[in-house]
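Encoded as structure tokens, the structure appears first; notes follow it.
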Amino acid sequence: MKNKIVVFLVCAALLLALPLFAAQFGQGWVRILAIAMLYVLLCYWCHGSFWSLLWC
């Protein structure tokens with residue numbers, strides 16, 4: 001259980017840092033990443049499971 005929390009926090013930190021890293025290559029990449037992360041978040045929220053993201 002403790003390991004899952006650590007993995008979750010590491011993934012969350014990486015996702016938060018991803019747009020900052022992409023900003024070095026222009027604003028277009030930041031917008032693309034933001035839309036992609038929004039898509040994944042909404043699919044997960046609507047369907048309730050990670051595997052349903054493949055069919056969203």
Side-chain angles (χ1 to χ4, degrees):
M1 180 71 172
K2 196 174 195 180
N3 193 21
K4 285 185 178 182
I5 293 172
V6 171
V7 170
F8 177 77
L9 292 175
V10 168
C11 289
L14 288 175
L15 282 176
L16 288 173
L18 190 60
L20 297 174
F21 175 74
Q24 297 175 6
F25 304 106
Q27 289 289 31
W29 289 109
V30 175
R31 291 182 182 172
I32 291 169
L33 287 172
I35 294 296
M37 287 191 293
L38 178 64
Y39 174 78
V40 169
L41 176 70
L42 289 176
C43 285
Y44 184 77
W45 181 66
C46 290
H47 297 286
S49 76
F50 179 75
W51 297 112
S52 65
L53 293 178
L54 299 174
W55 305 108
C56 190

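In what follows, residues are counted from 1 in the order of the sequence shown.
Residues Val30 and Pro19 share a closest heavy-atom pair of CG2-O, 3.5 Å.
Under the 4.5 Å side-chain heavy-atom criterion for grouping Ile, Leu, Val, Met, Phe, Trp and Tyr, Ile5 is connected to Phe8 within one hydrophobic cluster.
Put simply, CG on Leu33 and CZ on Phe21 are 10.0 Å apart, with the number rounded to the nearest 0.5 Å.
Under the 4.5 angstrom side-chain criterion for Ile, Leu, Val, Met, Phe, Trp and Tyr, the cluster partners of Met37 are Leu15.
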